[in-house]
Amino acid sequence: MKLIETDVLVIGAGPAGSSTAKHAALNGAEVILMDKKSEIGSPKRCAEGVSKEGLKKLGIEPNSRWVTKELSGVRLISPNGTDVWMKEDQVKLPEAGYILERKVFDKFMAMDAARAGATIMIKTLARGMRKDYDGYIVSCESMGEDFEIKAKIVVGADGPESRVGRWGGLKTAVKPKNMESGIQFEMVGLEMEDPDVIEFYFGSVAPGGYAWIFPKGDDIANVGLGIVSTVTDKSAYEHLVEFVKNCPATQNAQPVELNVGGDPVGGMTKNLVKDNLMIVGDAAGHVNPLTGGGIITALEAGMYAGEVAAAAVKEDNYTEKRLKEYQEICKKEIGDSFDKYLKTKDYLLSLSDSDLDSIAAAFQDTEFENISTKELIKLLIKVSPKALLKLGKLF
């Protein structure tokens, strides 16, 4: 059987995988990036929002090919319709940003990895892997051909409950309470109050999560929600259909695409590495437990993974102890804040619709200076004595 050898094999060409491959290649490693799909980025399983600050931090220049909308504000809507507007002309919006076209963006990120020197293999399925004395041998299939890839380091960037991680002995299973069921229509014919503002809807409209409208231009938007199945008897699809029917902006709109997928919101996985193995992105729980957003943190974690993998290759040291540098960086830069957001999410789940309405009413009388997840939580603590008791020591 044909055997291909490489330093680093990255399985999964989403943002996390492409970022890992790019930075490993930039730092001198021989890299293969493989994906089971014939088109990287499709189907999308994402609301497609990213922050401007996040892209800037990673040195990624916005491109008109994959930016569909630049946002000018945020609108928060409580269960009784009380809304809180935060517009760019009134406050600084450090975490507001762009709505992407993921089908284009993901390909651009993979192209960056290719330009850095990584080899891209599409429509290539990893069927299993076995430990070799100095790495792993991965069994692959592409276009009817069976072959193997031997790698000194294998990186699992293959999504929630990563098979690659499990094959290597890492615990990647996500508890049901920490796995949101996400579902989304891309719709046309929306009638939004402001098509440049992103909208979030809270409460029983989406138990365990929230609903969203992410405008993509003109009368087009991503309309979706995430729920936790353990706290509702309805399916995510039923909740979405009900939301679309009742929301004034979507009542006359029509879907042109449906996307579904799981979103791990339990915080960063405890162990991200073993000998010759790393996991990154959704596979590693690199998703904000409170917002469900994961594109920027996937890219960031991929950068750390690629840099550490390349350094390990140069040192000819692929032990868990060596690769733990990546885990430690992720904990400091990503995981510690995620622990706080997870506690905040658990607190918000304890609130009733009337509690959320009261908070929204208090927010209406508040002057905002900037908007970030952290600042909104601080404001919540300020207006809610209950939140102060639960979250005050965290923020």
Side-chain angles (χ1 to χ4, degrees), residues 12 14-16 19-20 45-47 49-51 54 95 155-166 168-182 206-210 226-231 261-274 277-305 323-351 372-378 380-381 387 390-395:
S19 180
T20 302
R45 291 180 177 174
C46 172
V50 296
S51 70
E95 287 197 15
V155 181
D158 54 334
E161 301 188 323
S162 166
R163 290 196 308 163
V164 174
R166 293 203 308 275
L170 290 172
K171 294 181 180 180
T172 59
V174 180
K175 294 179 181 179
K177 70 173 185 176
N178 290 326
M179 179 66 80
E180 281 191 359
S181 297
Y210 59 86
I227 65 164
V228 176
S229 59
T230 56
V231 296
D263 200 16
V265 290
M268 196 174 83
T269 303
K270 183 177 180 181
N271 296 312
L272 307 184
V273 301
K274 288 182 78 74
L277 179 68
M278 311 167 82
I279 54 175
V280 66
D282 283 7
H286 289 143
V287 176
N288 187 314
L290 182 60
T291 67
I295 298 175
I296 294 298
T297 46
L299 291 165
E300 182 180 354
M303 177 176 68
Y304 303 142
L323 298 181
K324 264 196 172 177
E325 180 188 354
Y326 156 67
Q327 180 172 307
E328 290 163 359
I329 296 171
C330 281
K331 184 179 186 306
K332 178 183 176 182
E333 300 295 330
I334 299 172
D336 287 347
S337 64
F338 278 11
D339 290 343
K340 296 178 181 180
Y341 292 141
L342 181 59
K343 290 181 173 65
T344 304
K345 184 194 77 169
D346 291 341
Y347 165 71
L348 291 174
L349 281 175
S350 72
L351 300 179
S372 68
T373 304
K374 186 175 181 179
E375 291 304 319
L376 284 174
I377 296 170
K378 286 183 177 180
L380 171 63
I381 292 169
K390 295 286 186 178
L391 306 175
K393 291 182 180 180
L394 295 175
F395 295 92

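These numbers come from the heavy atoms of this one structure, side chains and all, not from hydrogens, waters or symmetry mates. The structure presented is a predicted model; accordingly, all values stated were derived computationally and were not measured.
Closest approach of Gly281 to Ala298, counting heavy atoms only: CA-CB, 4.3 Å. Listed here is the closest heavy atom pair of Val228 and Glu180: CG2-CG, 3.9 Å. Counting all heavy atoms, side chain and backbone alike, Met268 lies closest to Phe338 at N-CD2, 4.3 Å. What you find for Ala206 and Gly226 is that their closest heavy atoms are CB-O, 3.7 Å. Residues Tyr326 and Val273 share a closest heavy-atom pair of CD2-CG1, 3.7 Å. The nearest pair of heavy atoms linking Gly168 to Lys274 is O-CD, 3.1 Å.
In this structure, Tyr347 and Leu351 have side chains that are in contact, with non-hydrogen atoms separated by less than 4.5 Å. Residues Thr291 and Tyr341 are not in side-chain contact: their nearest non-hydrogen atoms beyond the backbone lie 4.5 Å or more apart. Side-chain contact check for Ile296 versus Ser51: some heavy-atom pair is nearer than 4.5 Å. Side-chain atoms of Leu277 and Leu170, non-hydrogen and from C-beta on, do get closer than 4.5 Å to each other. Contact check for Asp336 versus Lys340: no side-chain heavy atoms found under the 4.5 Å cut-off. For the pair Glu161/Arg166, a side-chain contact is recorded, criterion being any heavy-atom separation below 4.5 Å from C-beta on. Within the 4.5 Å cutoff, side-chain heavy atoms of Cys46 are placed close to those of Ile295.
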Checklist entry - Can you check side chain to side chain contact (heavy atoms under 4.5 Å, CB included) on Glu300 and Val280, steps first, answer last? => result CA-CA 10 Å; Glu300 182 180 354; Val280 66; over 6 Å; no
Checklist entry - Yes or no on side chain to side chain contact (heavy atoms under 4.5 Å, CB included) for Lys171 and Asn271, after CA distance, side-chain angles and deciding distance? => result CA-CA 8 Å; Lys171 294 181 180 180; Asn271 296 312; over 6 Å; no
Next on the checklist: Apply side chain to side chain contact (heavy atoms under 4.5 Å, CB included) to residues Ile279 and Val155 and explain how you reach the verdict.
Outcome noted: CA-CA 5 Å; Ile279 54 175; Val155 181; over 6 Å; no
Next on the checklist: Using the rule given for side chain to side chain contact (heavy atoms under 4.5 Å, CB included), can you reason through Asp263 versus Val287, listing the C-alpha separation, both sets of side-chain angles and the distance that settles it, and then say yes or no?
Outcome noted: CA-CA 8 Å; Asp263 200 16; Val287 176; 3.4 Å; yes
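In this structure a side-chain-to-backbone donor-acceptor pair under 3.5 Å is missing from Thr20 to Ala305. Between the side chain of Thr269 and the backbone N or O of Leu272, no donor-acceptor pair lies under 3.5 Å. Under a 3.5 Å cut-off, the side chain of Ser162 and the backbone N or O of Gly159 do not form any donor-acceptor pair. The closest donor-acceptor contact from the side chain of Asn288 to the backbone of Gly293 lies at 3.5 Å or more, if one exists at all.
With rounding to the nearest 0.5 angstrom, the OH atom of Tyr304 is 9.5 Å from the NZ atom of Lys332. To the nearest 0.5 Å, atoms CE (Met303) and CD1 (Ile329) are separated by 9.0 Å. The line from CD of Gln327 to NZ of Lys270 is 9.5 Å long, rounded to the nearest 0.5 Å. Remark: Thr172 OG1 to Asp282 CG distance equals 12.0 Å, nearest 0.5 Å. Note that NZ of Lys324 and CE of Met278 are 13.0 Å apart. Values are rounded to the nearest 0.5 Å. Here the CG-CZ distance, from Asp158 to Arg163, works out to 7.0 Å after rounding to the nearest 0.5 Å.
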